[in-house]
Amino acid sequence: MPELPEVETIRRGIAPQVSGRVLSDLILRRTDLRWPIPGEQLRREAVGHPIRGVERRGKYLLLPCGPGRLLLHLGMSGSLHLPEPDLPPGKHDHLDLVLDGGQRLLRLRDPRRFGALLWLTGAPEAHPLLARLGPEPLGEAFHGDHLHRLARGRRVALKNFLMDGRVVVGVGNIYAAEALFRAGLHPALVVGRLDAGQWHRLAAAVQEVLTAAIASGGTSLRDYVKSDGKPGYFKQALRVYGRVGQACGRCGTVIESLRLGQRASCFCPGCQGRG
DNA sequence: AGGTTCGCCTGCGGGC
DNA sequence: TGCCCGCAGGCGAACC
């Protein structure tokens with residue numbers, strides 16, 4: 001479940017190892033990830049060119065290379081590794097990007113195969129997967145007024161709204177729950193009824209929790225270029241996610257979970273009232 | 001058209 | 001020990 005902090009940590013981890021190296025080959029062991037990997041096109045258009053950097057948009061990683069960009073998504077179980085070139089691939093190691101003639105490998109592992117490797121040409125923001133994405137939560141375009149404006153007249157539950165990539169990118173189940181706790185807002189609130197003050201509190205809480213998680217990943221996970229599907233070292237800082245049945249650290253009320261849109265939503269009934 | 005549910009996948013933990 | 005079940009979840013598709 002790499003969410004934005006995990007993807008950002010991975011980006012920082014692999015960028016120094018990948019940037020400036022030539023993509024000299026592509027080894028595909030299976031191509032049926034979320035979408036078929038366009039192997040022929042990648043070989044024709046990307047192989048032979050240097051990878052110029054590692055960018056992130058939401059939970060997508062973008063690797064500019066020759067006339068386009070590799071787009072990587074880790075789904076919920078994907079991870080990236082930089083194995084020794086002679087290390088045999090494991091069962092779920094679906095592909096290798098071969099760099100600098102085999103001196104280095106960037107290996108994608110993804111047991112559940114919800115991830116993706118695609119090839120983008122043209123403006124990345126015009127690609128269907130990226131075109132409708134909302135602002136980066138840690139960018140200037142994300143603030144309480146933005147949320148307030150998008151929520152006007154809508155009746156979705158607050159937590160679902162926050163996890164909608166068209167509203168803001170990168171906030172998955174864990175950080176949505178944590179941000180709502182920090183803002184003192186119940187996950188089932190109808191978004192059209194929140195006021196400006198509540199939206200500003202929530203925007204600030206989203207930024208705080210993501211910033212703290214990235215900082216935690218950046219220190220504890222410095223050499224970590226993988227994601228094993230767990231919340232990583234930020235787990236110890238989680239206040240409601242994964243803590244159902246335990247006492248809230250702030251007020252002592254037992255943490256509960258409700259289902260919103262088929263998804264478990266942990267919250268503290270004491271701290272997160274409906275008003 | 002906004003809102004909800006489904007489906008893709010595998011590993012894992014719990015119950016028996 | 002082994003099997004079945006439910007759950008985890010990003011996100012596009014399908015549905016109401």
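Here is the naming used below: chain letters follow the sequence lines, and residue numbers restart at 1 for every chain. Heavy atoms only: backbone and side chains are in, while hydrogens, waters and symmetry mates are out.
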Atom [atom1] of [X] and atom [atom2] of [N]: how far apart are they, to the nearest Å?
X	N	atom1	atom2	result
A:Leu72	C:dC11	CG	P	14 Å
A:Asp32	B:dG7	CG	C1'	15 Å
A:Trp35	B:dG7	CH2	C1'	13 Å
A:Leu33	B:dT10	CG	P	11 Å
A:Asp164	B:dT5	CG	P	16 Å
A:Phe161	B:dG3	CZ	C1'	14 Å
A:Arg259	C:dC7	CZ	P	6 Å
A:Arg263	C:dG10	CZ	P	6 Å

Heavy atom of residues 121-134 of chain A under 4.0 Å from DNA chain B: which residues?
none
Any side-chain N or O of A:Lys91 below 4.0 angstrom from OP1/OP2 of B:dT10?
no
Going by modelled atom types, is there a donor-acceptor pair between the base of B:dC8 and the side chain of A:Arg112 at under 3.5 Å?
no
Show your working on side-chain contact (heavy atoms from CB on, under 4.5 Å) between A:Glu125 and A:Arg57 and close with a plain yes or no.
CA-CA 9 Å; A:Glu125 63 270 20; A:Arg57 178 72 175 102; over 6 Å; no
The test is side-chain contact (heavy atoms from CB on, under 4.5 Å); show your working for A:Leu99 and A:Leu105 and say whether it passes.
CA-CA 6 Å; A:Leu99 306 176; A:Leu105 297 179; over 6 Å; no
Evaluate A:Tyr60 against A:Val169 for side-chain contact (heavy atoms from CB on, under 4.5 Å), listing each step before the verdict.
CA-CA 10 Å; A:Tyr60 295 96; A:Val169 296; over 6 Å; no
Kindly indicate whether the side chain of A:Thr253, heavy atoms from C-beta on, has any atom under 4.5 Å from the side chain of A:Cys271.
no
For the side chain of [X], counting heavy atoms from C-beta on, which of [options] is nearest?
X	options	result
A:Arg113	C:dG9, B:dG3, B:dT10	B:dT10
A:Arg34	C:dG12, B:dG2, B:dG11	C:dG12
A:His92	B:dC6, B:dG11, C:dG9	B:dG11
A:Tyr60	B:dT10, C:dG9, C:dC11	C:dC11

Would one find more than 12 heavy atoms of other residues, nucleotides or ligands at under 6.0 Å from atom CZ of A:Arg250?
yes
Could you go through the side-chain contact (heavy atoms from CB on, under 4.5 Å) check for A:Leu120 and A:Leu129 one step at a time?
CA-CA 10 Å; A:Leu120 270 58; A:Leu129 286 175; over 6 Å; no
Stacking check A:Phe114 vs C:dC11 (5.5 Å / 30 deg)
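No, the aromatic ring of A:Phe114 does not stack with the base.
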Using the closest heavy atom to pick a nucleotide of DNA chain B for each, name whichever of A:Gln262 or A:Arg155 lands nearer the 5' end.
A:Arg155
For a salt bridge (Lys or Arg N to Asp or Glu O under 4.0 Å) with A:Glu55, tell me which candidate from A:Arg12, A:Arg11, A:Arg69 qualifies.
A:Arg69
